[in-house]
Q: 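Just dropping this structure here.
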Amino acid sequence: MSRSRPLAALAEPLVAAASGLAGAPVDGVLERPSDAERGDDATTVALQLAKKLGRPPREVAEELATSMSGSEALAGAPEIAGPGFLNLRVSDDWCADALADLLDAGVDYGGGSAPKAERVQVELVSANPTGPLTVGSARNGAYGDSVARLLEFAGHDVEREYYYNDAGSQMERFRASVEARRRGEEPPEDGYHGEYIAELAKVDGDPVPGMLERIENTLERFRISIDSWERQSSLEVEIPAIVEELETYEADGAVWIRSTAFGDEKDRVLIRSQDRGGLPTYEAADAVYMRKKFARGFDRLIYVLGADHHGYVPWLKALAGACGRDSDAAEVLIYQLVHLMEEGEAKRVSKRRGDVVLLEELMDAVGVDAARWYLVMRGHDQTIDIDVQLAAERSSANPVHYVQYVHARTSAIFREADGAPVMASAYADLGDAERDLVKRLVEFPDVVAEATERRGPHAITVYAVRVADDFHRFYHHHKVLQKHFEAVTPEQQGFRLALCRATQSVIARCLDLVGVESPDRM
RNA sequence: GCGCCCGUAGCUCAGGGGAUAGAGCGUGUGCCUCCGGAGCACAAGGUCGCAGGUUCGAAUCCUGCCGGGCGCGCCA
């Protein structure tokens with residue numbers, strides 16, 4: 001894992017001492033103590049080393065502490081606590097250095113963590129155009145797009161693609177439903193019944209392009225920009241050629257791919273038997289599609305799928321193998337489903353009946369910012385219950401506003417500051433709230449790197465709330481502008497403006513990574 | 001039956017081997033002659049589903065069980 005420069009500088013003497021004792025390199029040694037009273041940073045290396053060395057932990061801790069004293073990053077000697085924890089207190093100079101470093105990095109702060117840049121395709125949403133996007137697709141989009149943003153920020157070249165089925169039985173039912181409306185009839189029983197069907201019926205021709213246009217507009221409003229679109233019918237013409245090249249066999253009149261040879265849990269049918277129509281399956285299109293994706297030059301293919309598709313994971317991994325790639329080149333991100341609630345009761349919904357909650361309705365009810373934040377703030381492994389009426393009522397309590405308020409507040413300060421100098425040089429005796437905020441901001445590169453690596457953008461929202469918490473506390477305890485508060489010295493004003501600038505920039509980045517705007521006023 | 005995900009404060013959730021388990025919302029009590037009160041401070045609130053195991057140390061890793069969600073088609 002990458003580490004920001006100031007943290008590395010802090011860890012260096014400790015790593016050197018620990019590695020010396022262990023006789024081998026030691027890494028990942030610093031962590032935040034559970035209680036700020038105990039110090040700014042802490043380490044458990046002494047506990048880990050004690051066993052290896054066969055010596056009492058406190059004795060090892062003692063030796064580490066001695067070899068670290070004198071480091072300029074530290075204020076005083078490390079303190080030994082409990083069974084052998086080492087608690088460190090950073091110096092004011094270190095805080096100023098860290099802040100200066102952060103401001104120097106500017107908008108790139110925390111970015112570029114990718115060890116090597118890859119061409120990555122993220123396939124997301126990919127809902128069939130039989131109706132407007134639902135909140136279920138919205139979670140796919142909010143999650144997938146945030147992962148894409150994280151990857152871009154890490155330095156990868158990312159393309160977002162939307163795949164849809166424009167043929168097949170579902171689409172025929174959809175078209176038949178629109179046709180029925182045009183004739184003034186009710187759509188068939190197994191057709192689609194939402195109000196949008198009547199809308200589409202007003203315009204002649206294939207309703208699919210109109211539906212796709214509405215979907216694209218909704219996604220744009222949701223701040224997801226699709227780079228490319230792929231449709232199933234254009235893949236199908238290439239199926240026969242692909243089937244020739246893959247390792248297949250015939251059984252029960254159907255053509256199967258031996259995907260178990262690449263780790264799949266079962267072989268899959270590519271071409272149905274004659275008595276079932278003899279047509280290619282969805283999986284056959286998958287095979288063509290994945291080959292094309294690799295041929296387009298992507299190093300990594302990311303599929304964002306709902307938990308109802310998790311049985312599909314071994315298939316896609318196996319398919320990558322069948323394409324002659326490492327199975328890791330196809331990465332499947334599974335998120336848990338969104339359940340709709342109505343006044344606390346689970347609501348059974350049917351897309352065909354048209355009684356779903358639309359993404360458009362969610363955005364109307366709570367706004368784009370709250371909607372995106374809400375759908376990404378929980379871990380993707382967590383199911384979400386959503387009650388739109390309740391969500392609308394509570395939107396003012398959404399933590400996104402608490403975080404955005406920090407941006408608005410810092411903007412207000414700079415509007416008042418009349419261009420006063422921003423100076424990241426420490427004045428004597430920083431306050432606790434100032435030190436806490438510096439330390440929080442210094443964590444950012446590690447937080448982003450881990451969120452990216454684990455495909456967990458919700459970690460960004462959790463971190464942003466903590467930054468907001470630390471900032472509001474700082475703001476409340478320390479006045480910034482000398483113009484309003486005579487007791488503030490020019491050095492304090494400079495340092496505090498630097499803190500405001502750094503906070504503003506980190507918050508703006510956090511919000512951007514999850515597709516939320518950074519308002520200058522609220 | 002098999003597979004994947006979840007079970008942590010009243011509610012919604014963080015926490016990927018470390019100290020006294022955290023946040024938001026909700027509840028209670030205090031804070032504005034001053035840079036934005038969409039804020040701050042304090043308080044109440046917990047058998048981390050249950051039982052074993054690994055470890056100096058487990059909410060976290062392993063096994064079993066209980067409870068909830070989702071899968072396991074020549075559907076798309």
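Proteins get letters first, then strands, A, B, ... in listed order; numbering begins at 1 in each.
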Q: When both hydrogen-bonding distances must be under 3.5 Å and the geometry is Watson-Crick or G-U wobble, what is B:C42 paired with, if anything?
A: B:G28
Q: Please state the C1' separation for the pair B:G53 and B:G46 - nearest whole angstrom.
A: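 My reading of the C1' atoms in B:G53 and B:G46 gives 25 Å.
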Q: Taking the C1' atom in each of B:C70 and B:A14, what is the distance between them to the nearest angstrom?
A: 23 Å
Q: Quick one: A:His458 NE2 to B:G22 P, roughly how many Å, whole number?
A: 18 Å
Q: What is the distance, to the nearest angstrom, from the CZ atom on A:Arg173 to the P atom on B:C75?
A: 13 Å
Q: What is the distance, rounded to the nearest whole Å, between atom NE2 of A:His310 and atom C1' of B:C6?
A: 13 Å
Q: Between the side-chain atoms of A:Thr281 and the base atoms of B:C74, is any donor-acceptor pair under 3.5 Å?
A: no
Q: Going by purine N1 to pyrimidine N3 plus the second Watson-Crick contact, or the G-U wobble pair, all under 3.5 Å, which nucleotide sits opposite B:G57?
A: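 Per the H-bond distance test, none.
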Q: Scan nucleotides 34-44 of chain B nucleotide by nucleotide, 5' to 3', and note B when protein non-hydrogen atoms come under 4.0 Å of the base, S if they reach only the sugar-phosphate, - if neither.
A: BBBSBBSS---
Q: Starting from C1' on B:A19, measure out to CG on A:Asn87 and report it in whole angstrom.
A: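 Computing the A:Asn87:CG to B:A19:C1' distance gives 9 Å.
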Q: Going by the glycosidic torsion and a 90 degree boundary from 0, is the base of B:C32 oriented syn or anti?
A: syn
Q: Taking any heavy-atom pair under 4.0 Å as a contact, classify A:Glu172: base, sugar-phosphate, or nothing.
A: nothing
Q: Can you confirm if the NZ or CZ of A:Arg509 lies within 45° of the ring axis of A:Phe444 and under 6.0 Å from the centre of its six-membered ring?
A: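 Geometry flag: not set, cation outside 6.0 Å or 45°.
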Q: For atom C1', what is the distance between B:G28 and B:U33, given to the nearest Å?
A: 29 Å
Q: With sequence neighbours excluded, tell me which residues meet salt bridge (charged side-chain N to carboxylate O under 4.0 Å, His left out) with A:Asp469.
A: A:Arg473
Q: Could you tell me how the ring of A:His380 sits relative to the ring of A:His458: parallel (under 30°), tilted (30 to 60°) or perpendicular (over 60°)?
A: perpendicular
Q: Judged by each residue's nearest nucleotide on RNA chain B, which is more toward the 5′ side, A:Asp308 or A:Leu86?
A: A:Leu86
Q: Checking A:Lys293 against A:Tyr303: charged group under 6.0 Å from the ring centre and within 45 degrees of the axis?
A: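 Yes, a cation-pi geometry holds between A:Lys293 and A:Tyr303.
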Q: What nucleic acid atoms does A:Gly277 come within less than 4.0 Å of, heavy atoms only: base, sugar-phosphate, or nothing?
A: nothing
Q: Between atom CG in A:Asn398 and atom C1' in B:G24, what is the gap in whole Å?
A: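 Value for this atom pair: 10 Å.
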Q: Do A:Val90 and A:Val438 come within less than 4.5 Å of each other through their side chains, counting heavy atoms only?
A: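 They are not in contact (no side-chain heavy atoms under 4.5 Å apart), so the answer is no.
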Q: Tell me which nucleotide, if any, is Watson-Crick or G-U wobble paired with B:C74 when both distances must be under 3.5 Å.
A: none
Q: On a whole-Å scale, what distance lies between the P atoms belonging to B:G36 and B:A19?
A: 40 Å
Q: Side chain of A:His339 only, please: which of B:C70, B:C74, B:A14 is the nearest?
A: B:C70
Q: Does a donor on one side chain sit under 3.5 Å from an acceptor on the other, for A:Tyr192 and A:Gln170?
A: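 Yes, A:Gln170 and A:Tyr192 have a side-chain donor paired with an acceptor closer than 3.5 Å.
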Q: If you assign A:Tyr374 and A:Lys266 each to the RNA chain B nucleotide with the nearest heavy atom, which residue ends up on the more 5' nucleotide?
A: A:Tyr374
Q: Could you measure between the two C1' atoms, the one in B:U63 and the one in B:C72, and give it in whole Å?
A: 24 Å
Q: What is the distance from CG of A:Leu337 to P of B:C4, rounded to the nearest Å?
A: 17 Å
Q: Report yes or no: is the cationic atom of A:Lys483 (NZ for Lys, CZ for Arg) under 6.0 Å from the centre of the six-membered ring of A:Phe485, at an angle within 45° of the ring normal?
A: no
Q: Please work out which of the three classes, parallel, tilted or perpendicular, describes the rings of A:Tyr312 and A:Trp315, given edges at 30° and 60°.
A: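 Rings of A:Trp315 and A:Tyr312: perpendicular, as their planes differ by over 60°.
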Q: Can you check whether A:Gln382 has a side-chain N or O nearer than 4.0 Å to OP1 or OP2 of B:G69?
A: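 For A:Gln382, the contact criterion (side-chain N or O under 4.0 Å from OP1 or OP2 of B:G69) is not met.
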Q: Using a 4.0 Å heavy-atom cut-off, does A:Ala307 contact any base of the nucleic acid, only the sugar-phosphate backbone, or nothing at all?
A: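 Sugar-phosphate: the residue A:Ala307, judged by heavy atoms under 4.0 Å, touches backbone atoms but no base.
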Q: Between B:A58 and B:A44, how far is it from one P atom to the other, in whole Å?
A: 27 Å
Q: Using a heavy-atom cut-off of under 4.0 Å over every strand shown, decide if A:Lys483 touches base, sugar-phosphate, or nothing.
A: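 Answer is nothing: A:Lys483 stays at 4.0 Å or more from every strand.
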Q: Once you round it to whole Å, what is the distance between P of B:C25 and CH2 of A:Trp373?
A: 13 Å
Q: Under a 3.5 Å cut-off for both distances, is B:A19 Watson-Crick or wobble paired, and to whom?
A: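 Here B:A19 is not engaged in any pair, so there is no nucleotide opposite it.
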Q: So, A:Glu331 and A:Lys317, do they make that salt bridge, N to O below 4.0 Å?
A: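 Between A:Lys317 and A:Glu331 there is no salt bridge, as every charged N stays at least 4.0 Å from the carboxylate O atoms.
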Q: Given that both distances must come in under 3.5 Å, which nucleotide forms a Watson-Crick or G-U wobble pair with B:C35?
A: none
Q: Could you give the CG-to-P distance, from A:Asp252 to B:G73, as a whole number of Å?
A: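 It works out to 15 Å between those atoms.
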Q: Looking at A:Arg276, does any N or O in its side chain come under 4.0 Å of the phosphate oxygens OP1/OP2 on B:C75?
A: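 Looking at the OP1 and OP2 atoms of B:C75, one of them is under 4.0 Å from a side-chain N or O of A:Arg276.
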Q: Does B:C65 have a Watson-Crick or wobble mate here (both distances under 3.5 Å), and if so which one?
A: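 Per the H-bond distance test, B:G49.
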Q: Looking only at atom P, what distance separates B:A43 and B:C6, rounded to whole Å?
A: 34 Å
Q: Considering only the C1' atoms, how many Å lie between B:G45 and B:C5, rounded to the nearest integer?
A: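 Pairwise C1' distance, B:G45 against B:C5, rounds to 29 Å.
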Q: Can you pull out every ring pair (Phe, Tyr, Trp, His ring centres under 6.0 Å) where at least one residue sits in residues 389-413 of chain A? Sequence neighbours excluded, please.
A: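 Matches after skipping sequence neighbours: A:Tyr402-A:His472, A:Tyr405-A:His472.
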